Amino acid sequence: MEYREEAKVRALRVRTLNAPLEKPHRTASGTVQSAPLVLVDLQTDAGVTGCAYVFLYTPLALRPAASLIANLEALVRGAPVAPGEVRAMLQGRFRLLGNQGLVGIAVAAIDMALWDALAKLRGVALARLLGAEPAALPVYDSLGQMGPEETAREVEASLERGFRAFKVKAGHPDPATDLAVARAIRGVAGEGTWLAMDFNQAFSAAEAIRRARLLEGEGLAWIEEPVLAEDFAGHAEVRRAIAIPVQTGENWWGVADMAKAIAAGASDHVMPDAMKIGGVSGWLEAAALAARHDLALSSHLFAELSAHLLAATPTAHRLEWLDVAGAVNETPPVIADGALRACEAPGCGLRWNERAIAKLGA
């Protein structure tokens with residue numbers, strides 16, 4: 001299938017807002033207090049608008065990211081709704097500067113909005129445009145770093161909302177607390193509950209190994225980012241030394257980083273982030289690479305979009321749920337009995353709540 005329409009890009013509308021989270025999301029490397037988002041509406045001359053958002057982690061990056069995305073309008077205005085062609089053109093313009101960081105985020109934002117527009121122009125859900133069916137995908141609730149009692153309460157609430165699997169931010173100052181948290185979750189959700197833990201890049205390889213070995217009897221599905229994201233050799237060292245699978249990938253800047261991590265033996269599974277891996281186009285390359293290496297691939301954030309992308313991923317594993325855009329999206333995914341299904345409407349499943357945006361706009 002040719003992923004291209006002759007409809008042309010007419011304009012970009014770029015807005016910033018700092019959306020509330022249900023509660024601050026604590027990790028071993030810092031606390032995310034809110035959801036700083038840049039919303040992108042890519043307007044076409046066919047009357048169809050493609051929607052996307054990017055998540056900046058800190059409000060300090062909102063205006064620089066929004067300004068860079070808005071500056072790209074001059075480059076994409078008049079271009080066909082052809083995500084691959086436009087992405088290649090934008091990446092070429094930034095080759096000397098580099099396509100990582102805010103540049104990578106800006107190009108990915110345009111790519112995601114183009115794919116949404118293309119699916120809407122074809123009148124199909126994005127998953128179907130990619131040759132797949134919107135499927136019920138195993139989903140886990142991604143919880144912050146909390147003590148055992150608070151974690152147990154959060155898991156009880158998650159069970160009521162339809163979750164059957166969980167990931168928690170580990171790496172407490174006292175490693176024994178991580179162990180107590182894992183056991184508290186089992187006590188509420190049951191011994192067979194799917195459970196992963198995330199160290200959020202907090203440790204050296206030696207310290208991560210020491211801590212992970214304390215958790216080896218807890219049946220964890222994976223330990224995530226035990227060392228700095230770019231330390232592929234450190235990840236490989238941890239992986240060789242522990243019995244728990246190692247997961248990484250959310251901080252890869254494009255498929256080149258993913259290929260380096262695979263070559264280093266850094267991870268048992270892979271977990272690209274739609275924004276950092278290069279939008280939908282980058283994800284498709286990552287999914288193909290994972291399939292060639294028979295690596296289970298899970299998503300990071302962007303649940304609305306990731307549900308479509310995982311449906312089209314040969315080695316799809318788990319979908320992460322951490323709702324950063326729910327305050328402004330009128331069509332959130334539905335979670336039931338441990339699964340999440342992609343939105344069936346044309347596009348990727350984003351429809352802005354303009355009243356909420358007006359209140360939250362930065």
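Quick caveat, the model's predicted, so the values are computed rather than measured.
Distance alone, capped at 3.5 Å, places no donor-acceptor pair between the D116 side chain and the G347 backbone. Side-chain N or O atoms of Q201 include none that pairs as donor or acceptor with a backbone N or O of P226 at under 3.5 Å. A donor-acceptor contact shorter than 3.5 Å is absent between the side chain of D178 and the backbone of A170. For D231 (side chain) and V227 (main-chain N/O), no donor-acceptor pair under 3.5 Å exists by modelled atom type. For the pair K8 (side chain) and E6 (backbone), a donor-acceptor distance under 3.5 Å is present. In terms of modelled atom types and a separation under 3.5 Å, the side chain of N200 and the main chain of A202 share no donor-acceptor contact. Within the 3.5 Å criterion, the main-chain N or O of G338 finds no donor-acceptor partner in the side chain of R164. The backbone N or O of G147 sits less than 3.5 Å from a side-chain atom of T151, completing a donor-acceptor pair. For the pair S34 (side chain) and P20 (backbone), a donor-acceptor distance under 3.5 Å is absent. Between the T27 side chain and the T31 main chain, no donor and acceptor come within less than 3.5 Å of each other.
A centroid separation of 6.0 Å or more is found between the aromatic rings of Y140 and W321. Aromatic rings from W115 and W283 are positioned such that their centres are separated by 6.0 Å or more.
Of the residues H235, M271, R318, the one that meets the side chain to side chain contact (heavy atoms under 4.5 Å, CB included) test with Q247 is M271.
Residues E320 and S142 have side chains that bring a donor and an acceptor to within less than 3.5 angstrom of each other. Judged purely by distance below 3.5 Å, without hydrogens or angles, the side chains of D41 and W352 pair a donor atom with an acceptor atom. Side-chain contact, E225 with N251: a donor N or O sits under 3.5 Å from an acceptor N or O.
Scanning both residues, A290 and L297, for their nearest heavy atoms gives CB-CD1, 3.9 Å. The minimum heavy-atom distance between R128 and P134, with the atom names listed, is CZ-CD, 3.6 Å. In this structure, L121 and A46 approach most closely via the heavy-atom pair CD2-CB, 3.8 Å. The two residues L295 and T315 make their nearest non-hydrogen contact at O-OG1, 2.7 Å. In terms of heavy atoms, A307 sits closest to L340 at CB-CD2, 3.6 Å. Considering every non-hydrogen atom in both P138 and H317, the closest pair reads CG-O, 3.9 Å.
Partners of A70 by side chain to side chain contact (heavy atoms under 4.5 Å, CB included), not counting sequence neighbours, listed by chain and number: V14. With sequence neighbours left out, F302 forms a ring-ring contact (aromatic ring centres under 6.0 Å, His included) with Y53.
The local environment of CZ in R161 is crowded, with over 12 non-hydrogen atoms from other residues, nucleotides or ligands closer than 6.0 Å. Atom CD of E149 sits in a sparse spot, with 12 or fewer heavy atoms from other residues, nucleotides or ligands closer than 6.0 Å. Summarising the local packing, CG of D174 is surrounded by more than 12 heavy atoms from other residues, nucleotides or ligands at distances under 6.0 Å.
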_Applying salt bridge (Lys or Arg N to Asp or Glu O under 4.0 Å) to R210 and E207, what does each step give before you reach the verdict?_
CA-CA 5 Å; R210 184 179 77 85; E207 178 63 10; 2.8 Å; yes
_E354 vs R15, salt bridge (Lys or Arg N to Asp or Glu O under 4.0 Å): CA-CA, chis, key distance, verdict_ = CA-CA 11 Å; E354 292 294 342; R15 294 177 283 179; 2.8 Å; yes
*Begin from the C-alpha positions of R10 and D45 and carry the test salt bridge (Lys or Arg N to Asp or Glu O under 4.0 Å) through to its verdict.*
CA-CA 6 Å; R10 184 170 62 83; D45 61 5; over 6 Å; no
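A salt bridge between K167 and D141 is absent, with no side-chain N of the basic residue lying under 4.0 Å from a carboxylate O of the acidic one.
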Would you mind writing out the side-chain donor-acceptor pairs for residues 74-90 within the sub-3.5 Å range, not counting sequence neighbours?
unit_1, atom_1, unit_2, atom_2, d
R77, NH2, E73, OE1, 3.0
E85, OE1, R4, NE, 3.3
E85, OE1, R4, NH2, 3.4
E85, OE2, R4, NE, 2.5
R87, NH1, E285, OE2, 3.1

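Between K276 and E250 the shortest side-chain heavy-atom distance does not fall below 4.5 Å.
Below 30°, between 30° and 60°, or above 60°: for F203 and F199 the angle between ring planes is above 60°, a perpendicular geometry.
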